[in-house]
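The structure presented is a predicted model; accordingly, all values stated were derived computationally and were not measured.
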Amino acid sequence: MKFILKPILLLSILFNTLSGYTQNTTPREKVIFDCDLGDDIDDMYALALLLSSPEIEIMGIVMDFANTPERGKMALKLLYELGLDDIPVVIGRKTSDVYSPQYIWSEGFNQLQPSKMDAVEFISTTLEKYPNEVNLVTVGPVPNMKDLLAKDPSILKKAKHIYSMFGSFNMGYNSAPTPSPEWNVVADIEASKAFIKADKDHKITYIPLDVTAFVKVNQENMNLLQMRNSTLTDAICANYVLWRFMDYAKDLNYIPIVYDAVAIGAILWPKLFHFEDGFVEVNDKGITSINTSKSPNSRIALHINEEEFLRRMMKRLLLQNIQRDNK
């Protein structure tokens, strides 16, 4: 029996070693994550999914829109508790002093400090350093993109690709049969117009309400996250409780929709989506549309296997074990 077990054990060790070697040498997708962490709970899910995905190398987490310094504290506290201090947190242009209940979670945190670079400098420097290697992901309003383009109208061409939770094409909020002024667009319409005009090389994939609005984290999934009791899932649950104090989320029958996490899924699991090419436009009311009379210049996600996406996302969040090494 001993003679049989030893070769099996050696083969197992060899297999695990080779598997680890293969995983460690597989190039990861570089990502800059531009978000409005602290408003809807979906930004926290999106960031958690990014952090739980070994295929991704996060180059920086950039705060956009409204009270960006408070948003930055949330990201810094999360990274500190996970032991991921080396990921830069960048503060974008502050556009208001609006205070979100989720900011209570990181109130007074000062163990880590944000990057000394602002959003424009950080994004442009990173894209210049790694031309056609970095995926830029935007899941909030896009004033950072407007500022970036004002400095260098051609800078986005240096991104590998851009994934944006942005727009509403064939359906709106609450499954309305007509498009809605989607928040990331209507929050800063002029910035949105500047952003879409920058795409002339099929470099932007839009992940709109047409797919994101279908992915909801029900109470059963919330219970699993709570019982997991890891550093990351505890952060999600703590912010979920605070998010419930938002006016629109006070009704406990309202099931959280993880719009922004779906945008990450377009990088991780593109086969779960159906994409179509089109020429995207934004009108003065913040409505997005596809102009069929013009040649396509971008890609739009219009269908998703939402059940499979949710299954994969939950698996990532529940099976991760990211934690600070306090030794």
Side-chain angles (χ1 to χ4, degrees), residues 35-36 39-46 48-49 65 137-142 163-189 192 196 204-225 236 240 243-292 298-314 317:
C35 66
D36 55 344
D39 278 359
D40 207 342
I41 193 63
D42 57 335
D43 294 84
M44 181 60 76
Y45 277 96
L49 180 56
F65 195 71
V137 179
T138 76
V139 295
V142 289
Y163 295 86
S164 188
M165 197 277 112
F166 186 100
S168 166
F169 295 94
N170 296 322
M171 62 163 282
Y173 288 110
N174 301 316
S175 299
T178 55
S180 299
E182 191 271 319
W183 168 248
N184 291 340
V185 180
V186 77
D188 190 332
I189 293 174
S192 297
I196 65 164
I204 300 181
T205 293
Y206 297 100
I207 301 93
L209 291 182
D210 305 62
V211 295
T212 59
F214 289 102
V215 184
K216 302 179 180 183
V217 178
N218 60 26
Q219 190 58 51
E220 180 182 352
N221 288 321
M222 278 306 306
N223 291 342
L224 291 172
L225 291 169
I236 294 172
Y240 169 83
W243 167 77
R244 280 294 184 184
F245 285 89
M246 301 285 279
D247 287 340
Y248 68 91
K250 288 179 180 178
D251 181 357
L252 294 180
N253 292 318
Y254 179 80
I255 302 174
I257 303 170
V258 288
Y259 306 98
D260 294 349
V262 180
I264 308 305
I267 303 175
L268 295 172
W269 310 303
K271 290 184 180 179
L272 298 182
F273 297 79
H274 170 72
F275 299 97
E276 293 184 10
D277 292 337
F279 189 98
V280 173
E281 295 181 333
V282 175
N283 69 16
D284 292 338
K285 294 182 179 180
I287 298 288
T288 48
S289 61
I290 300 172
N291 189 332
T292 56
S298 54
R299 188 173 64 152
I300 307 104
L302 294 176
H303 299 284
I304 182 175
N305 182 339
E306 65 267 23
E307 291 182 2
E308 179 61 17
F309 171 84
L310 186 60
R311 187 192 70 79
R312 294 186 187 189
M313 183 187 77
M314 287 297 299
L317 298 181

Legend entry - Parallel, tilted or perpendicular: ring planes of Phe309 versus Trp269, cut at 30 and 60 degrees: perpendicular
Inset, instruction - Verify the neighbour count for atom CD of Glu308: are there more than 12 heavy atoms of other residues, nucleotides or ligands below 6.0 Å? - result: yes
Legend entry - Partner set under side-chain hydrogen bond (donor to acceptor under 3.5 Å, both in side chains) for Thr288, not counting sequence neighbours: none
Legend entry - Exceeds 12 heavy-atom contacts within 6.0 angstrom, atom CD of Glu220: no
Inset, instruction - Check Tyr45, Trp183, Tyr248 against Asp40 for a side chain to side chain donor-acceptor pair (under 3.5 Å) and give me the one that passes. - result: Tyr248
Inset, instruction - Could you pull out the closest heavy-atom pair between Pro181 and Ile287, with the gap in Å? - result: N-CD1, 3.5 Å
Legend entry - For the student: nearest non-hydrogen atoms of Pro256 and Ile41, plus distance: CB-CG2, 3.9 Å
Inset, instruction - For the residue pair Tyr206 and Phe166, categorise the inter-ring angle as parallel (less than 30°), tilted (30 to 60°) or perpendicular (more than 60°). - result: tilted
Legend entry - Steps toward side-chain contact (heavy atoms from CB on, under 4.5 Å) verdict (Arg244, Leu252): CA-CA 8 Å; Arg244 280 294 184 184; Leu252 294 180; 4.1 Å; yes
Inset, instruction - Take the angle between the ring planes of Phe273 and Phe275 and call it parallel below 30°, perpendicular above 60°, tilted in between. - result: parallel
Legend entry - Derivation of the side-chain contact (heavy atoms from CB on, under 4.5 Å) call for Val217 and Met313: CA-CA 10 Å; Val217 178; Met313 183 187 77; 4.1 Å; yes
Legend entry - For Val211 against Ile304, the heavy-atom pair lying closest together: O-CG2, 3.6 Å
Inset, instruction - Determine, step by step, whether Phe214 and Met171 satisfy the side-chain contact (heavy atoms from CB on, under 4.5 Å) criterion, reporting the C-alpha distance in whole Å, the side-chain angles of both residues, the deciding distance to 0.1 Å, and the verdict. - result: CA-CA 11 Å; Phe214 289 102; Met171 62 163 282; 3.6 Å; yes
Legend entry - Side chains of Asn283 and Ser289 in contact at under 4.5 Å (non-hydrogen atoms): no
Inset, instruction - Go through the steps for Leu272 and Arg312 under the test side-chain contact (heavy atoms from CB on, under 4.5 Å), then give the verdict. - result: CA-CA 11 Å; Leu272 298 182; Arg312 294 186 187 189; 4.0 Å; yes
Legend entry - Expected output: side-chain Asp43 to main-chain Asp36 donor-acceptor under 3.5 Å: yes
Legend entry - Heavy-atom closest pair, residues Ala301 and Pro208: O-CD, 3.1 Å
Inset, instruction - State whether the side chain of Asp210 and the backbone N or O of Phe169 hold a donor-acceptor pair below 3.5 Å, judged by distance alone. - result: yes
Inset, instruction - Answer whether the closest heavy-atom distance between the side chains of Arg299 and Tyr163 falls below 4.5 Å. - result: yes
Inset, instruction - Decide if atom CZ of Phe245 counts as having more than 12 heavy atoms of other residues, nucleotides or ligands within a radius under 6.0 Å. - result: no
Inset, instruction - Report yes or no: does Ser298 contribute a side-chain atom to a donor-acceptor pair with the main-chain N or O of Thr205 at less than 3.5 Å? - result: no
Legend entry - Sidechain-backbone polar pair: Asn291 side chain, Phe279 backbone, donor-acceptor under 3.5 Å: no
Inset, instruction - Give a yes or no on this: more than 12 heavy atoms of other residues, nucleotides or ligands lie within 6.0 Å of atom CG of Asp251. - result: yes
Legend entry - Donor-acceptor under 3.5 Å (Asp42 side chain, Asp260 main chain): yes
Legend entry - Non-hydrogen atoms of Met165 and Leu209 that approach each other most closely: CE-N, 4.2 Å
Inset, instruction - Check Val185 against Gly167 and note the closest heavy-atom contact, atom names and distance. - result: CG2-N, 3.6 Å
Legend entry - Donor-acceptor pair, side chain of Arg311 and main chain of Glu306, under 3.5 angstrom: no
Legend entry - Asn218 atom CG, neighbour heavy-atom count above 12 within 6.0 Å: yes
